[in-house]
Amino acid sequence: MTGQIIGTGACVPEKVINNQELEGLVETSDAWIQERTGIERRHIAVKETTVSMAAKAASEALKEAELPPEQIDLILVSTMSPEEIMPCTACKVQREIGASRAVCFDLSAACSGFVMAYVTACAYIEAGIFQNILVIGSECLSNVTDWSDRGTCILFGDGAGAAVLTAAEETKYLPSIYSDGSRGGALTLKSRQNHNPFGKEAPAGDEGTSYYIEMDGQAIFKFAVRSIPQAVEEVLRKNHLHKSDIRYYVLHQANERIVEAVAKRLGEPAYKFPMNMKEYGNTSSASIPLLIHEMKEKNMLHSGDRLVLAGFGGGLTWGTAIITWK
Ligand code: UT7
């Protein structure tokens, strides 16, 4: 018994910003961005929010699953760009879609968030605690992007992806998930610190300061290219599977060169590594469910196909999980 995906959905903002439009903001070029990242455009929220995109993706996933929202036991949202810290995004999605019976909470594991949320959902199902779970990755990264930093602003986009998991008599696969807090400084998004009356001062210049994603791009690049192939090999080994058993590797969509380098290190052909960062940029925890949804819409997924999901990012966090398509 484990969780099986029976519905997926996605939502991206209407407004599309291509690379040329960023040339007016920072010293960059369409050619540099395409060559170094594979990104051509990204969707940026104007009217949409982390909650509205999550709710839209969730409703689409529920429709395909043919489940009324009242039958959802748990809503688990992965996000690092919530509208508010409290109430959590999952509770707001509950209100939007009318999933009145659901338990709701958010999970924070940056770009590994969807894999961590998927693994958490499966663990709840395998433990017999919940039957139907909505797992969502939703990000409005444009709210936390420093639009004057060319090292990051060319990378990110907004969007949401959702999956409905239900308890099914399917093979249970062990995940390979990891964290290394000692290297967390390479990718950060700080939040405001207030003073307290017991001696803690707010950091100098903190008043009214906004915080943005800061990244040592090369360090993250190297970390991803080294750790993901190891995590893939490990998840295959512990589940007694071989590369030939895997139809697709669905990697977090951060950079085309990272995906290509992982494929090369694994000695696997490029066609097993679908990509869509060209259209959406890096949408953090939304990237994997957005890609799965797109693959489904393109009829790339068939019953029994085994996929390896692989996330990596801030924390540092990374990991792999295996799913069997319905
Ligand atoms: O979601 C999970 C976390 N994120 C990631 O996985 C991102 C991982 N990192 C990356 O994708 C890449 O490191 C970046 C795309 C961020 C940067 O690519 P890079 O090939 O590592 O470039 P670099 O930082 O080594 O910079 C090369 C050059 C530098 O100029 P000099 O020193 O050679 O003169 C940069 O200043 O490119 C310059 N540069 C740019 N030029 C034009 C950096 N950003 C830009 C830019 N446009 N946007």
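All ligand and atom numbering here is 1-based and tracks the order in the structure.
Residues L316 and I220 come closest through the heavy atom pair CD2-CD1, 3.7 Å. Counting all heavy atoms, side chain and backbone alike, I97 lies closest to A58 at CD1-CB, 4.4 Å.
Interface of C111 with ligand 1, defined as ligand atoms under 4.0 Å from a residue heavy atom, comprises 1 (O), 2 (C). In the vicinity of F312, heavy-atom distances shorter than 4.0 Å reach the ligand 1 atoms 2 (C), 6 (O). For ligand 1, the atoms closer than 4.0 angstrom to any heavy atom of G217 are 8 (C), 9 (N), 13 (O). The atoms of ligand 1 that sit less than 4.0 Å from any heavy atom of R257 are 18 (O), 19 (P), 20 (O). Annotation for ligand 1: atoms under 4.0 Å from non-hydrogen atoms of Q218 are 13 (O), 21 (O), 23 (P), 24 (O), 25 (O). The ligand atoms of ligand 1 that sit less than 4.0 angstrom from a heavy atom of H252 are 1 (O), 2 (C). Listed by number with element, the atoms of ligand 1 under 4.0 angstrom from any heavy atom of L187 are 3 (C). Atom numbering of ligand 1 starts at 1 in the shown order; those under 4.0 Å from a heavy atom of E27 are 42 (C), 47 (N).
Note: no N/O pair closer than 3.5 Å links T37 and ligand 1 by distance alone. For ligand 1, the polar-atom distance check finds an N/O of N282 within less than 3.5 Å of one of the ligand's N/O atoms.
Taking the six-membered ring for Trp, Y212 and W147 have ring centres at least 6.0 Å apart.
Regarding atom 38 (C) of ligand 1, its nearest protein heavy-atom neighbour is R150 NH2, 3.7 Å. The closest protein non-hydrogen atom to atom 4 (N) of ligand 1 is M215 SD, 3.4 Å. Distance from atom 20 (O) of ligand 1 to its nearest protein heavy atom, with residue and atom name: R36 NH2, 2.7 Å. Closest protein heavy atom to atom 14 (C) of ligand 1: N255 ND2, 4.5 Å. Remark: minimum distance from atom 5 (C) of ligand 1 to any protein heavy atom is reached at I220 CG2, 3.5 Å.
Nearest-residue assignment for atom 47 (N) of ligand 1 (options I39, T28, L155; heavy-atom criterion): T28. For atom 43 (C) of ligand 1, the choice among F223, W32, F156, W318 with the nearest heavy atom turns out to be W32.
With rounding to the nearest 0.5 Å, the separation of CD in E256 from OG1 in T37 is 7.5 Å.
Under 4.0 Å is where a charged nitrogen must lie from a carboxylate oxygen, and between K56 and E60 no such pair does.
For R101, the CZ atom sits in a packed shell: over 12 heavy atoms of surrounding residues, nucleotides or ligands are nearer than 6.0 Å.
Proximity of N255 to F221: side-chain heavy atoms (C-beta onward) are separated by under 4.5 Å at one or more points. Between Y118 and L165, the closest side-chain pair of non-hydrogen atoms falls below 4.5 Å. Looking only at side-chain heavy atoms (C-beta outward), I125 and T2 stay at 4.5 Å or farther from each other.
Here the rule is salt bridge (Lys or Arg N to Asp or Glu O under 4.0 Å) with D305, and of K272, K326, R247 only R247 fits it.
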Determine, stepwise, if the pair E279 / H43 fulfils side-chain hydrogen bond (donor to acceptor under 3.5 Å, both in side chains).
-> CA-CA 8 Å; E279 177 65 30; H43 293 241; 2.9 Å; yes

Would D149 and E214 satisfy side chain to side chain contact (heavy atoms under 4.5 Å, CB included), going step by step from the backbone distance to the final call?
-> CA-CA 9 Å; D149 174 17; E214 291 181 66; 6.0 Å; no

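For atom 34 (O) of ligand 1, the nearest protein heavy atom lies 4.0 Å or farther away. Less than 4.0 angstrom separates atom 30 (O) of ligand 1 from none of the non-hydrogen atoms of the protein.
In I258, the part holding a heavy atom less than 4.0 Å from any atom of ligand 1 is the side chain.
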